[in-house]
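Here's the structure, in structure tokens; my notes come after.
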Amino acid sequence: MLDPRLLRTNLDEIAKRLQIRSYHLDVDKLRSLESKRKDIQTEVQELQNLRNVRSKNIGQAKAKGEDISQMLAEVDTLGERLRVVEVELAALQEQLHAIYLSIPNVPHESVPAGASEADNLEIRRWGEPKQFPYSPLDHVDLGEQGGWLDFAAAAKITGARFVVMRGKIARMHRALIQFMLDVHTKEHGYQEIYVPYIVNSDSLYGTCQLPKFGEELFALKGEQEYYLIPTAEVPVTNLARDVIFEADQLSIKYVCHTPCFRSEAGSYGKDTRGMIRQHQFEKVELVQLVKPEDSYAAHEQLTRHAESILQKLNLPYRVVILCGGDIGFQSAKTHDIEVWLPGQQRYREISSCSNFEDYQARRLQARWRNPTTGKVELIHTINGSGLAIGRTLVAIMENYQDEQGRIHVPEVLQAYMDGLKIIE
RNA sequence: GGAGAGGUGGCUGAGCGGUUGAAAGCGGCGGUCUUGAAAACCGUUGAGGGGUUUUCCCCCUCCCAGGGUUCGAAUCCCUGCCUCUCCGCCA
């Protein structure tokens with residue numbers, strides 16, 4: 001959520017900056033609602049004040065043993081009038097709040113304009129896509145041929161967009177999780193954290209999956225309103241909800257492996273083949289909670305941390321800045337890391353690293369005590385995948401295949417697989 | 001699942017329905033004292049919002065959450081959530 005005070009004072013400028021993501025802010029409507037709000041709120045507060053003063057007087061008179069029936073009569077109609085305007089104010093504030101929740105974050109000045117993926121700005125490339133002397137297979141063919149990936153079995157057990165993995169590939173999938181957690185904890189200074197995979201709706205509002213993106217979530221049946229997490233971002237970032245940090249506690253760096261569950265509503269017909277887009281997948285997530293002044297340096301650093309995994313696995317990739325039309329709702333700036341997939345002959349997203357500035361923190365009421373101002377202020381939140389496990393497995397299978405359909409194990413993973421060099 | 005107890009400020013912990021946003025203690029911050037530190041003493045110390053072109057002041061809201069009773073609720077009544085103790089069950 002954006003700062004309501006800023007929306008009041010700098011409305012035109014915010015509207016202008018939101019145009020970069022092709023978002024139209026109804027400035028006139030907001031202005032008129034705000035001025036109505038101000039009038040009614042003033043009236044409510046004046047009436048409340050009157051009530052408080054009179055009630056206090058009644059109390060004092062009663063204590064002295066005076067007759068209070070006259071005073072009670074005076075206060076008679078006040079409550080009714082107050083109730084009416086209070087209801088009116090609540091309705092108005094709810095309306096305003098709903099609008100505030102529907103306004104996306106203001107993009108950082110370095111975010112390029114653009115309508116779609118095609119306008120994203122490539123900022124660097126690492127590694128060279130390998131030239132195969134034959135036509136390389138994609139992971140689906142490789143996986144089914146080797147008996148490692150079984151989409152039919154998953155479809156029987158559950159349905160579309162699930163997978164069953166077997167044998168050494170299942171083992172490598174597990175190894176990837178251990179490997180990434182080790183790198184981020186030992187080399188990058190993240191604290192490993194284990195969290196619930198089921199969350200309540202407060203948490204989803206906190207990180208802005210609700211109310212706008214509820215159709216992406218799997219809700220659980222039962223007495224409680226519970227949801228499966230779509231990403232570790234939800235439970236991990238919500239650790240900061242309603243917390244006021246001391247300056248010396250920041251920055252906080254968490255790394256967390258969880259499964260992720262996404263309904264993928266609205267992506268019908270997209271990536272229907274293979275493991276690229278599943279309802280259930282594993283991810284190692286990086287989350288940083290930082291002081292505002294540190295957030296862009298931290299965002300860059302976190303992106304590099306995610307990249308380092310691909311470098312260690314020797315997988316070619318590129319990094320792009322998402323343009324205004326492609327950037328996520330709550331993000332001020334997002335780097336996508338895209339890995340080279342020989343089976344598709346193109347770069348595909350394997351990590352998305354975003355700086356939300358104070359947009360999430362405002363919803364979460366995640367704050368810190370700023371010693372220079374002496375005030376309680378919002379922190380900045382940053383997160384990114386480090387990396388998506390399923391897609392990493394796909395990238396390894398496709399990049400490390402040989403002509404016999406075998407998969408060579410990347411060197412850094414061999415220690416996690418009893419020294420195994422080739423999966424066949 | 002059954003039976004009890006409880007949720008108050010950074011922490012501990014008071015709080016007959018009426019100057020209680022909340023006693024007291026601890027902690028934090030500032031000061032006095034000291035060569036320095038400790039101790040002692042003095043002062044100060046919650047959050048959110050609105051008004052006011054505003055380092056001054058005024059007002060409103062918040063004592064788990066949501067409803068209700070009342071002129072007036074931290075205090076009374078309902079519902080929910082959470083925590084603790086005991087019993088049962090269980091990976």
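By convention in this document, chain letters (A, B, ...) are assigned in the order of the sequence lines, proteins followed by strands, and residues within each chain are numbered from 1. Because the structure is a prediction, the values reported are computed rather than measured. Just so it is clear, the values below take in all heavy atoms, side chains as well, and ignore hydrogens, waters and symmetry mates.
- To the nearest whole angstrom, the two P atoms, one in B:A23 and one in B:G15, are 14 Å apart.
- The partner of B:C84 is B:G4, by the rule that a Watson-Crick or G-U pair needs both atom distances under 3.5 Å.
- Considering only side-chain N and O atoms, A:Arg51 lies under 4.0 angstrom from the phosphate OP1 or OP2 of B:U61.
- Pair assignment for B:U53 gives none, since no Watson-Crick or G-U wobble pairing has each distance under 3.5 Å.
- Spacing between atom CD of A:Glu86 and atom P of B:G67 amounts to 11 Å, rounded to whole angstrom units.
- Among pairs with a residue in residues 238-259 of chain A, those fulfilling salt bridge (charged side-chain N to carboxylate O under 4.0 Å, His left out) read A:Glu246-A:Arg369, at least two apart in sequence or across chains.
- With rounding to whole Å, A:Asp39 atom CG is found 10 Å from B:G51 atom P.
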Scan nucleotides 45-50 of chain B nucleotide by nucleotide, 5' to 3', and note B when protein non-hydrogen atoms come under 4.0 Å of the base, S if they reach only the sugar-phosphate, - if neither. --SSBS
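- Separating the P atom of B:C64 from that of B:G13 is a span of 15 Å, rounded to the nearest Å.
- B:G80 and B:U85: their P atoms are spaced 23 Å apart (whole Å).
- Summarising the geometry, the separation between CD on A:Glu46 and P on B:U52 is reported as 12 Å, rounded to the nearest angstrom.
- Ring pair A:Phe151/A:His139 is perpendicular by interplanar angle, where above 60° counts as perpendicular and below 30° as parallel.
- Remark: B:U61 base-pairs with B:A47. Criterion, Watson-Crick or G-U wobble with two distances under 3.5 Å.
- Among the atoms of the strands shown, only primed sugar atoms or phosphate atoms (P, OP1, OP2) are found under 4.0 Å from some heavy atom of A:Asn52.
- The gap from the C1' atom of B:U20 to that of B:A73 amounts to 12 Å, rounded to the nearest Å.
- Legend: ring-ring contact (aromatic ring centres under 6.0 Å, His included) pairs involving residues 38-90 of chain A, not counting sequence neighbours: none detected.
- When Watson-Crick and G-U wobble pairs are counted only if both distances are under 3.5 Å, B:C26 pairs with B:G10.
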Evaluate the criterion side-chain hydrogen bond (donor to acceptor under 3.5 Å, both in side chains) for residue pair A:His257 and A:Glu282; output intermediate values, then yes/no. CA-CA 7 Å; A:His257 156 249; A:Glu282 306 296 306; 2.6 Å; yes
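- A distance of about 37 Å separates the C1' atoms of B:G10 and B:C71, rounded to the whole Å.
- Closest contact between the side chain of A:Ile58 and the listed nucleotides B:U61, B:U69, B:G18 involves B:G18.
- Nearest-nucleotide assignment on RNA chain B puts the 5′-proximal partner with A:Gln60, out of A:Gln60 and A:Asn49.
- For the pair A:Leu50 CG and B:C58 P, the computed distance is 19 Å after rounding to whole Å.
- Remark: P of B:G51 and CD of A:Glu43 are 15 Å apart, rounded to the nearest angstrom.
- Straight-line distance between the C1' atoms of B:C41 and B:C77: roughly 49 Å, to the nearest whole Å.
- Atom-to-atom distance recorded for A:Ser102:OG and A:Met1:CE is 11.5 Å, nearest 0.5 angstrom.
- Taking the P atom of each, B:A3 and B:C60 are spaced 45 Å apart, rounded to whole Å.
- Rounded to whole Å, the distance from NZ on A:Lys62 to C1' on B:U19 is 16 Å.
- Residue order along RNA chain B, read from the 5' end via each residue's closest nucleotide, puts A:Arg54 first among A:Arg54 and A:Tyr226.
- Here the side chain of A:Asn383 pairs no donor or acceptor atom with the backbone of A:Val287 at under 3.5 angstrom.
- Only the C1' atoms considered, B:U83 is 33 Å distant from B:C29, to the nearest whole Å.
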In sequence, state the C-alpha distance, the side-chain angles, and the governing distance for A:Glu300 and A:Arg304, and then conclude on salt bridge (Lys or Arg N to Asp or Glu O under 4.0 Å). CA-CA 6 Å; A:Glu300 181 63 25; A:Arg304 300 278 183 179; 3.0 Å; yes
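- A straight line from CG of A:Asn200 to C1' of B:G80 spans 13 Å, rounded to a whole angstrom.
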Between A:Leu121 and A:Val111, does the side chain to side chain contact (heavy atoms under 4.5 Å, CB included) criterion hold? Intermediate values first, please. CA-CA 9 Å; A:Leu121 179 68; A:Val111 171; over 6 Å; no
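- A perpendicular orientation is assigned to the rings of A:Tyr296 and A:His299, their planes being inclined by more than 60° (bins at 30° and 60°).
- With both pairing distances under 3.5 Å, B:G66 is matched to B:C78 as a Watson-Crick or G-U wobble pair.
- Judged by Watson-Crick or G-U wobble contacts below 3.5 Å, the nucleotide B:C41 has B:G31 as its partner.
- Nucleotide B:U19 forms a pair with no other nucleotide shown, judged by Watson-Crick or G-U wobble geometry with both contacts under 3.5 Å.
- For A:Lys56 and B:U20, the NZ to P distance is 8 Å, given to the nearest whole Å.
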